[in-house]
Amino acid sequence: MKGRFIVFEGIDGSGKTTQAKLLAEYLEGQGKKAVLTAEPTKLPTGKALREALGGKVKKSECEMAVLFVQDRIAHNIVPEDGIEALVNAGVDVICDRYYYSTLAYQGQSTDYAWVKSMNLSCPEIRKPDLCIYIDLLPEQSLERISKGRDSVEIYENVETLTKVRDKFLSVIDDLSATDNIKVINGYRTPEEVAAEIQKTVNAL
Ligand code: TMP
């Protein structure tokens with residue numbers, strides 16, 4: 001039996017990374033094999049993205065969109081621990097961010113239809129079985145970010161996050177007919193959020 005491919009999305013500080021970890025632990029506790037992964041990846045394509053996100057290397061918005069797609073393809077097809085290989089081996093793959101992020105960030109800064117087509121029409125980019133969008137207001141997320149991190153990346157300020165959240169909500173609306181997306185209220189305790197996610201995953 002194939003594994004499931006579950007993606008977590010949300011604006012920065014929404015709690016998606018914590019919830020992705022909690023879900024992996026929960027599935028393992030049920031005796032399932034689960035692997036936690038993230039984008040940008042730890043592959044060379046992902047490292048190049050991190051440098052650009054940190055402001056170390058300057059890239060145009062279109063270059064960023066293409067780099068995210070390139071990193072996503074590598075993430076899917078890399079042998080043994082790529083998404084495709086793991087899912088085919090019966091492992092549940094849980095991914096922190098995926099193409100919904102590219103549509104929300106780069107779809108906003110470049111051309112939405114172009115970014116959507118590169119991601120959704122690519123034969124080497126798998127469609128998730130479930131996307132969990134953890135919804136939080138930008139002010140709430142920035143409060144969490146400022147408590148937990150030393151450096152603030154280029155995309156993080158209220159004005160930008162508000163635009164990104166609005167864009168995420170419109171991406172969800174746009175993809176609601178083709179993708180299985182569940183919006184979860186993130187303004188609760190981690191345990192409450194985790195319980196709702198577990199219920200949703202158990203119903204898959
Ligand atoms: P992270 O904070 O989840 O590690 O993500 C790093 C940054 O990368 C975050 O600010 C959002 C941005 N990003 C995009 O702009 N497009 C994408 O496709 C992905 C996966 C991330």
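Atoms within each ligand, like the ligands themselves, are counted from 1 in listed order.
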| request: Verify ring pair (Phe, Tyr, Trp, His ring centres under 6.0 Å) between Y133 and F168, making sure each step is shown before the conclusion. | output: CA-CA 9 Å; Y133 179 77; F168 260 124; 5.1 Å; yes
Taking only heavy atoms of [X] into account, list the atoms of ligand 1 that are under 4.0 Å away from them.
X: F68; value: 13 (N), 14 (C), 15 (O), 16 (N), 17 (C), 18 (O), 19 (C), 20 (C), 21 (C)
X: R50; value: 4 (O), 6 (C)
X: K16; value: 3 (O)
X: L53; value: 6 (C), 7 (C), 8 (O)
X: Q106; value: 14 (C), 15 (O), 16 (N), 17 (C), 18 (O)

| query | Would one find an N or O of E39, backbone or side chain, under 3.5 Å from an N or O of ligand 1? | reply | no
| Within the distance-only criterion (no hydrogens, no angle test), does the side chain of R72 pair as donor or acceptor with the backbone N or O of Y98 below 3.5 angstrom? | yes
| request: Could you list the residues that satisfy side chain to side chain contact (heavy atoms under 4.5 Å, CB included) with A48, not counting sequence neighbours? | output: none
| message | Pair E196, K182 - check side-chain contact (heavy atoms from CB on, under 4.5 Å), show working. | response | CA-CA 10 Å; E196 191 178 348; K182 170 88 177 167; 3.7 Å; yes
| message | Using a strict threshold of under 4.0 Å (side-chain N to carboxylate O), is an ion pair present between R97 and D12? | response | yes
| Using 4.0 Å as the upper bound for N to carboxylate O, is an ion pair formed by R165 and D135? | yes
| query | Does ligand 1 have a heavy atom under 4.0 Å from the side chain of R72, from its backbone, from both, or from neither? | reply | side chain
| said: Heavy-atom distances under 4.0 Å decide this one: backbone, side chain, both or neither, for D12 against ligand 1? | reply: side chain
